[in-house]
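Below: one structure, written as structure tokens.
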Amino acid sequence: MANSIEGNIVLAHGGAPTAVINASLYGSIKALKEAGFKGHVWAARYGSKGLYEGDFVDLTNLNEAQFEMLKNTPGTAIGSSRFPLYEKEYAHIVDLLEERNVRYVLFTGGNGSMDTLGHLAETAKKKGVELYCGGVPKTIDNDLGITDHAPGFPSAANYVVQTVRDCIQDVKGLPIHVCVIEIMGRNAGWLTAASECAFDEDSSLPHLTYVPEIPFDEEKFLKDVKEKWDLGKGVIVCCSEGLKDKDGKPIAKPIYQTERATYFGDVSSHLAQLIISKLGIKSRSEKPGLIQRCSAALVSDLDQQEAILMGKLAAEAVLAKKSGFMVGLKRLSSSPYQVEPIYIPVQEVMMKERTFPLEYVKDGNTITKAYEDWLSPLLNPKKKFISFLD
């Protein structure tokens, strides 16, 4: 096979990093090594920006120590960006890649990155340039379509579960406030809902969960918090950073605006202030923020394995001259956990956001056991805790 592989390859990352995005990079390079790839292995520095500027890092001759470190390095070792590309930029990139004899491109990212990959593949096809483009899934929000889940999400979910479990122990031991924890996922509630797995069956700690797919009702929220508080055990509220009211307006006020985006205040802080001012109950807000997606300490073991697999399969596919696809996972069983790889036409995932299924939500603030059963295989085993308070 090695003698039939000609040209060079460029690997790129797009959008927000994850704790295992470099594991996918590891998997792709591993596949190239195993195939006897003789061309240059380049990485676009800072993703689409590097692609456009031709700013490539040479990864062809990584030593073994550097190569192995990729598996356990969070964030992205080659950089990422949200650099916007349009028709003329895609044409420029294709011309630049042709000049450098690049025949293969792997792009790791979410639906926006798959949109970039799809346009790149289509532009190359229109220009008659031989370029094989493959997508490696990556998201902490789990909002990519078709695939059961994507690398990055299980580790972020594992972080949420383990961190909320720690917080549960604190509140159970000193139940004097409502603790409001803000979780990432502006438009999709998969990660926020993961917090439900933190509450063991034998835990009696009152809790509420709010995902962005369900319009936030302030009056009902305060009523529900009061009911839980009156049980005298403290309360934990887990909420999405993207909560909106019935009119689709974010519940936290905008605090900063750029040409392309508006940044809103902390939802957890807003809700904690509501609880204090409207109910007269002591409340704390917690916002782990970026650490949810870059915690090397709480990487899901399964997530790392699947991230490597996705990178490896995508590399093997483009070397076999397959193009315009994203690798994904199809779940066959949750108990025992079984999945199989699938190859999804990139057009089916370009800029298409998969939201959290409402059948997993009960009464607007409770996550069902069905979702816990779906998510649990993706997480690391829970540590054993003890309490004499239940």
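- Salt-bridge check for E340 with R331: failed, with every basic side-chain N at 4.0 Å or more from each acidic carboxylate O.
- Side-chain contact, S333 with Q338: no donor N or O sits under 3.5 Å from an acceptor N or O.
- In terms of modelled atom types and a separation under 3.5 Å, the side chain of D247 and the main chain of K249 share no donor-acceptor contact.
- A salt bridge links R284 with E286; the closest basic N to acidic carboxylate O contact falls under 4.0 Å.
- Seen from the ring of Y159, R293 does not count as a face-on cation partner, given the 6.0 Å and 45° thresholds.
- By the 30° and 60° cut-offs, the orientation of the rings of F37 relative to Y104 is perpendicular.
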task: Could you please spell out the steps behind the side-chain contact (heavy atoms from CB on, under 4.5 Å) verdict for Y90 and K127?
output: CA-CA 11 Å; Y90 286 113; K127 293 172 73 70; over 6 Å; no

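- A side-chain N or O of D58 and one of T60 form a donor-acceptor pair less than 3.5 Å apart.
- For R165 and F385, the positive end sits near the middle of the six-membered ring, less than 6.0 Å away and at most 45° from its axis.
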- prompt: Under the side-chain contact (heavy atoms from CB on, under 4.5 Å) criterion, do Y360 and T368 qualify, and how do the steps go?
  reply: CA-CA 5 Å; Y360 286 142; T368 68; 3.7 Å; yes

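- Taking the six-membered ring for Trp, Y46 and F83 have ring centres at least 6.0 Å apart.
- With values rounded to the nearest 0.5 angstrom, S28 atom OG is found 11.0 Å from N22 atom CG.
- Checked options L279, D230, L271, V180; the residue passing with V225 is L279 (criterion: side-chain contact (heavy atoms from CB on, under 4.5 Å)).
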Test log, rule salt bridge (Lys or Arg N to Asp or Glu O under 4.0 Å), inputs K228 and D224: CA-CA 6 Å; K228 298 291 186 182; D224 292 340; over 6 Å; no

